[in-house]
Amino acid sequence: MTAVEILDYSGVALFAATGALAASRKQLDILGFVFLAAVTGTGGGTVRDLVLDVPVFWVAQPFYVLVCAAAAICLFFAAPLAESRYRWLLWLDAAALAAYGVFGAYKGLLVSGSPIVAVVMGTLTGTLGGILRDVLVNEQSVLLRREIYVTAALAGALVYVAAEALGVGPPVSAAGGFAAAFGLRSCAL
Amino acid sequence: MTAVEILDYSGVALFAATGALAASRKQLDILGFVFLAAVTGTGGGTVRDLVLDVPVFWVAQPFYVLVCAAAAICLFFAAPLAESRYRWLLWLDAAALAAYGVFGAYKGLLVSGSPIVAVVMGTLTGTLGGILRDVLVNEQSVLLRREIYVTAALAGALVYVAAEALGVGPPVSAAGGFAAAFGLRSCAL
Amino acid sequence: MTAVEILDYSGVALFAATGALAASRKQLDILGFVFLAAVTGTGGGTVRDLVLDVPVFWVAQPFYVLVCAAAAICLFFAAPLAESRYRWLLWLDAAALAAYGVFGAYKGLLVSGSPIVAVVMGTLTGTLGGILRDVLVNEQSVLLRREIYVTAALAGALVYVAAEALGVGPPVSAAGGFAAAFGLRSCAL
């Protein structure tokens, strides 16, 4: 597995986990968990692929849907044990934002070749999963909490694109982008 | 008209009717009815077609838009006569979920060939219209009412895909899927 | 610049400005301004291009994203000076609805050749930016305020499509459509 593949699967699984935690807070049934996990886990990437006009990743490779379902089922049993599900949700969301933001920038750059599009794609895919989740469960969006949210996704995408432009090489660029986004977002948690 | 065509038009018209009832509850004007009916009636299928990368059904065949408009205009005059518009909304939504869920599974299977994608598509298209409607009118989503909602759409899609895999033939598979989804959902109403 | 190009850039910039004003009302940071401005400014056109199956305009031409960012940054400094940000938001939204509604009808007609699709596209792209913005900031949607909203977008699109069918020529058709939509919407402000 390459560095960007790790980011991709981590981003999907982590966002799916935050969706499942949101379902747990709303006391949904197990399929409600799977539904919210799947929408949160795949939502950002789906919009990314539609906008970039490439095949939607989970249609080309349905294994991603199973990853979301597995994350949801694990959390269906594990979430009631957690002391603060919302705390967990925020930290997992921070990691998902960092991973998926950098992967979004990678894919945006790969497909369009434009650094502006890559940065916009990274910011969008890093934040969209969490926004979709919050709209679906009718909670105040992370976007509105006046914290370093969009900023973190943008920073991760910028660091990745800049490092690639400097020829640093994918594993280091990806790690740098992830660290920038996760580090910044952590400051607000 | 084949069995799946009936499901398709019924799903669009029924979802459109639920959108019009939601507009009635919010006392919108007649074009507000048509707008909400059109978004609710075509929303799920639009996302389905975008994700499957096939032409969006109502662009290829604008007649669907007129079906939504007709449903909206009928309900603009009929809805004030109903004793409980919300009760009607829920029952029509159940039928729409069942019809459109099975049709989504049919189209997903046809285009992708993957049973997983077909089941996901069925669940998504059966539930998305209602979710979009509830987000647009700013009401608590059917998704969050802790009832058999996602479960019903999933059951309908599963029954249809399983029956097709067993070679049962479209009319019976479609009827079985519809009955499974509508029956399950009815239990919660 | 042709008449329709002016409508296109004006629509994007004006919607972006309303997104920035919404961010100002929620006291977001500067990147929250840029994010909301970009989503509001490009959202309607993105859905339009996806549904019409043409390249998404801001991926083909990333300059649009910079237009949104510039509008957001200007308003980050100017908005606190305004007496009533919500009043400004409504008037800018009316102009954006009129400009983008007519441009949506123009593009829908150009791509699909169908007047029904053109009118639906105009109505959708004129109203979707504002709806997305209101959902994201969790405010009551303009759609629900029981004012002439969908009606205005529809009127603008209809006038434009009818004038084109009569062979009036783009600059006059566009001006007529804009005037119809903006005039009608103004009545409610």
Side-chain angles (χ1 to χ4, degrees), chain A residues 44 46-54 56 97 101 107-128 130-158 161 181 184-185 187-188, chain C residues 12 16 19-70 72-73 76 111 128 131-141:
Chain A
T46 301
V47 172
R48 175 199 66 212
D49 291 349
L50 291 175
V51 167
L52 291 174
D53 202 12
V54 296
V56 172
L97 171 142
K107 195 160 184 179
L109 195 57
L110 192 74
V111 173
S112 77
S114 151
I116 296 181
V117 172
V119 170
V120 173
M121 276 296 154
T123 311
L124 198 67
T125 45
T127 54
L128 208 59
I131 291 171
L132 264 177
R133 178 194 63 225
D134 293 345
V135 167
L136 283 179
V137 298
N138 209 9
E139 292 222 343
Q140 200 196 12
S141 172
V142 275
L143 188 66
L144 298 181
R145 289 167 52 93
R146 269 172 278 164
E147 290 166 356
I148 306 160
Y149 196 72
V150 175
T151 311
L154 179 72
L158 270 178
V161 171
L184 263 176
R185 178 72 183 126
C187 300
Chain C
V12 170
L21 284 170
S24 174
R25 282 159 52 80
K26 296 287 173 182
Q27 301 180 272
L28 301 185
D29 61 18
I30 194 166
L31 280 166
F33 271 66
V34 173
F35 186 87
L36 261 184
V39 170
T40 309
T42 63
T46 301
V47 172
R48 175 199 66 211
D49 291 348
L50 290 176
V51 167
L52 291 174
D53 202 12
V54 296
V56 173
F57 68 106
W58 58 267
V59 174
Q61 176 54 275
F63 179 64
Y64 285 97
V65 179
L66 301 180
V67 169
C68 293
I73 292 165
F76 183 73
V111 173
L128 208 60
I131 292 171
L132 264 176
R133 177 194 65 225
D134 293 344
V135 167
L136 283 178
V137 299
N138 210 9
E139 293 223 342
Q140 200 197 11
S141 172

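Excluded from the calculations below are hydrogen atoms, water molecules and symmetry mates; all remaining heavy atoms, backbone and side chain alike, are included. These figures come from a predicted structure and were not determined experimentally. Each chain gets a letter, A, B and so on, in the order its sequence line appears, and its residues count up from 1.
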Calculate, to the nearest 0.5 Å, the distance between atoms CG and CG belonging to A:Leu50 and C:Asp49 respectively.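 Between atom CG of A:Leu50 and atom CG of C:Asp49 there are 12.5 Å.
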If you measure from CG on A:Leu154 to CG on C:Leu31, what distance do you get to the nearest 0.5 Å? 5.5 Å
Measure distances from C:Leu136 to the heavy atoms of chain A and classify the residue's part below 4.5 Å as side chain, backbone, both or neither. both
Counting only non-hydrogen atoms closer than 4.5 Å, does C:Val59 touch chain A with its backbone (N, CA, C, O), its side chain (CB onward), both, or neither? both
Option passing side-chain contact (heavy atoms from CB on, under 4.5 Å) with C:Pro62 (candidates A:Val117, A:Val119, A:Val120): A:Val117
Looking at A:Thr127, A:Val111, A:Thr151, which makes the most heavy-atom pairs under 4.5 Å with chain C?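 The residue among A:Thr127, A:Val111, A:Thr151 with the greatest pair count is A:Thr151.
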Among the listed options A:Ile116, A:Asp53, A:Val51, the residue most often paired with chain C at heavy-atom distances under 4.5 Å: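 If we count pairs closer than 4.5 Å to chain C, A:Val51 comes out on top.
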